[in-house]
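Have a look at the structure below before the remarks.
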Amino acid sequence: MNCLLLAGVDTELVASLALNALSSILILALSALGLAVIYGFIGVINLAHGAYFTVGAYVVWLTSTELGIGFWPGFLLAPLVVAVVGLLTEVLIIQHLYERLLDTILATWGVALAIGEAIKLLFNAQSKEVGNPLPGSVDLVVTTYSTYRLFLMGVAAVVITVVFVLFTRTDAGVRLRAVIQDPTQASLLGLNETRMYQFSFAFGSALVGLAGAAVAPLTTVEPNMGISYLVQSFFAVILGGAGTLIGIVPGSIIVAGFSNVGTFFISPVVAQTLVFLLVVALIVVRPEGLLGGQ
Amino acid sequence: MALLELDGIGAGYGGSDVLQDVSLSVEDGSVVTLLGRNGVGKTTTLRTVVGLVEPTAGTVRFDGDDVTGGPPHVAHDHGVGFVTEDRGVFPDLTVEENLRVPDVDDGRSLDELYDFFPKLRELRTSRGKHLSGGEQQMLAIARALRSDPRLLLLDEPSEGLAPQIVENVGAVIEEIAAGGTTLLIVEQNVRFALAVAEYTYIMDGGQIVFEGSDEDVDANAEEVRRYLGVRETA
């Protein structure tokens, strides 16, 4: 009797722990995918990635509180707003700095600071709350689990799958890969390199904007909230291997899965430190990433 | 009527002249070859046509329109295809993906190209980097034909290919020409070039030093041989 009870408790615990880890992995993968499109494809190290994430979160905060039109319009609007922010960054700044790696790092960091300060000026530095748009939980037999988190996992899984299909199966994806492999030949075949870079930048930005909007109800919304996602997204992309979109899957599993489970069993600080050490060790052993250089 | 007209083109990299006062014209529907030794400016001339090199002087006219200075995707949209010397096959794309790259609304269909190059149909799932030199050349030509260009520029199509493959490429080029596509072919393999072309330009030191029909080339064999450094091998 006692034994059965214990076993029951364990199953529930393991299930909810696994679901928490999985939802963190999927949200990170969504954010990292945006970064991978920009970094892996255009070769720009976009340090404004975290700020874009923050903008996405502020969009849903604005629509659900200040504007009073609710969470869902913001959820749909966030990717579009952040796509525009990304496009502006590309057209006004990045475009003039291609092939100048260090300059793009500094410039995008400047963009990140400017966005952070603009948010503080407009909405002050205090943290905000975004209400859960799907309160309640779903009975999954072995455990009950937050409806909103389940919804997010579904959205992230669908978006990630769609992006993979777009890049591997459609003409647009083939052309983008062609531009990355050989921009000169691609232009001789009629592709407008500048426009394709702009599209990629806007698209990658939209993905991280969606990730920011998705996470907003699960956390506190504040001007620097994107930093940890910037760092984790980079870890996921570098681990997976820059230039391979699919690499962000194992990258996210390691970074988010490890820190999630580690946080539960040990402590957040120790877990983060271990993830960091793991990333450093993997980079030393396999600089091209887990799936890179194939 | 001239489909392509270069008028007084000058070009150079970093202050040194590579092209000086290059003028040539390619009639609609003709096959023209541009010969010359290594490094005399043949490739730069082709790069100027598509806007990969911006000339320091002169104009490039395509079908009467001034298209000087690019960008290259505009030349493509005007109907100029360019198969570069290195073939420029995308190494990590499959044969079929390579053929899907050209940005065209109503070009040739993949089936049409596969019928023309049956070998490519067999290879359609192979990656570009795994093809032989001859297969890459076929793929590069097929990819350029996807856009159904009015003018096709070929830079040394026979280079590095086994004699048997060179013959195949020659047959393909003749078939393309028979289909009405205008061709401008840069070559070092003089025999190959003269066999397919009906009009010849010869460059030396960044300038056009000779031009003429097949009969003119025959009549001035001594002069032609001098410019080409005697490589009229059998």
Side-chain angles (χ1 to χ4, degrees), chain A residues 36-37 39-43 90-91 95-96 98-99 163-201 203 237 240-248 288-294, chain B residues 43 46-47 49-53 70-108 110 124-125 127-129 136 139-149 151-155:
Chain A
V37 167
Y39 172 46
F41 284 0
I42 317 177
E90 208 282 345
V91 173
Q95 201 180 94
H96 308 285
Y98 279 130
E99 323 258 308
V163 171
F164 282 140
V165 171
L166 277 179
F167 278 107
T168 55
R169 298 272 175 265
T170 67
D171 281 354
V174 168
R175 286 176 187 152
L176 191 58
R177 279 148 62 210
V179 170
I180 295 148
Q181 284 175 37
D182 192 336
T184 303
Q185 287 295 334
S187 71
L188 289 172
L189 296 167
L191 304 185
N192 186 338
E193 189 189 349
T194 311
R195 197 173 310 153
M196 294 194 77
Y197 281 171
Q198 287 167 2
F199 170 79
S200 307
F201 214 95
F203 188 72
V237 171
T244 63
L245 275 191
I246 195 77
I248 61 138
E288 70 277 26
L290 291 171
L291 299 183
Q294 283 185 339
Chain B
T43 297
L46 294 188
R47 291 169 64 87
V49 171
V50 294
L52 281 174
V53 169
H73 64 90
V74 173
H76 169 273
D77 294 347
H78 272 93
V80 183
F82 183 13
V83 176
T84 54
E85 195 177 352
D86 64 1
R87 286 122 201 183
V89 165
F90 298 107
D92 290 326
L93 299 187
T94 64
V95 165
E96 181 142 323
E97 285 172 338
N98 264 278
L99 294 173
R100 285 166 65 195
V101 171
D103 192 3
V104 284
D105 294 330
D106 53 351
R108 288 196 173 89
L110 294 182
R124 65 179 183 276
T125 56
R127 290 193 187 281
K129 61 185 167 198
Q136 288 194 351
L139 176 56
I141 292 174
R143 193 176 62 183
L145 290 178
R146 179 85 206 281
S147 312
D148 200 6
L151 171 68
L152 185 56
L153 311 174
L154 299 173
D155 195 355

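Per chain, numbering begins at 1; letters A, B, ... match sequence-line order.
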Residue A:R195 versus chain B: region with a heavy atom under 4.5 Å: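 Contact with chain B: none, neither part.
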
Where does A:T194 contact chain B at under 4.5 Å (heavy atoms): side chain, backbone, both or neither?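 Nothing of A:T194, per the 4.5 Å heavy-atom cut-off to chain B.
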
Contacting moiety of [X], where chain A heavy atoms sit under 4.5 Å:
X      : value
B:V101 : both
B:P91  : both
B:V89  : neither

Nearest 0.5 angstrom please: A:L188 CG to B:R47 CZ, how far?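 The CZ atom of B:R47 is 8.5 Å from CG of A:L188, to the nearest 0.5 Å.
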
If I take atom CD from residue A:Q185 and atom CZ from residue B:R87, how far apart are they, to the nearest 0.5 angstrom?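 Reported value, rounded in 0.5 Å steps: 11.5 Å.
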
Can you pull out every salt bridge (Lys or Arg N to Asp or Glu O under 4.0 Å) where at least one residue sits in residues 175-189 of chain A? Sequence neighbours excluded, please.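 Every salt bridge (Lys or Arg N to Asp or Glu O under 4.0 Å) pair that includes a residue of residues 175-189 of chain A, provided the two are not neighbours, is A:R175-B:D103, A:R177-B:E97.
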
Quick check: closest heavy atoms across A:L189 and B:R143, and the distance to 0.1 Å?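 Smallest interatomic distance, heavy atoms only, reads CD1-NE, 3.4 Å.
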
Could you tell me which non-hydrogen atom of B:H73 sits nearest to which non-hydrogen atom of A:L191, and how far apart they are?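 Reported closest heavy-atom pair: CB-O, 3.5 Å.
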
Residues in ring pair (Phe, Tyr, Trp, His ring centres under 6.0 Å) contact with A:Y197, at least two apart in sequence or another chain: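 For A:Y197, the residues satisfying ring pair (Phe, Tyr, Trp, His ring centres under 6.0 Å) (neighbours in sequence not counted) are A:Y98.
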
Give the member of B:D86, B:L93, B:V74 that has the highest number of heavy-atom pairs under 4.5 Å with chain A.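 Of the candidates given, the most pairs with chain A belong to B:L93.
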
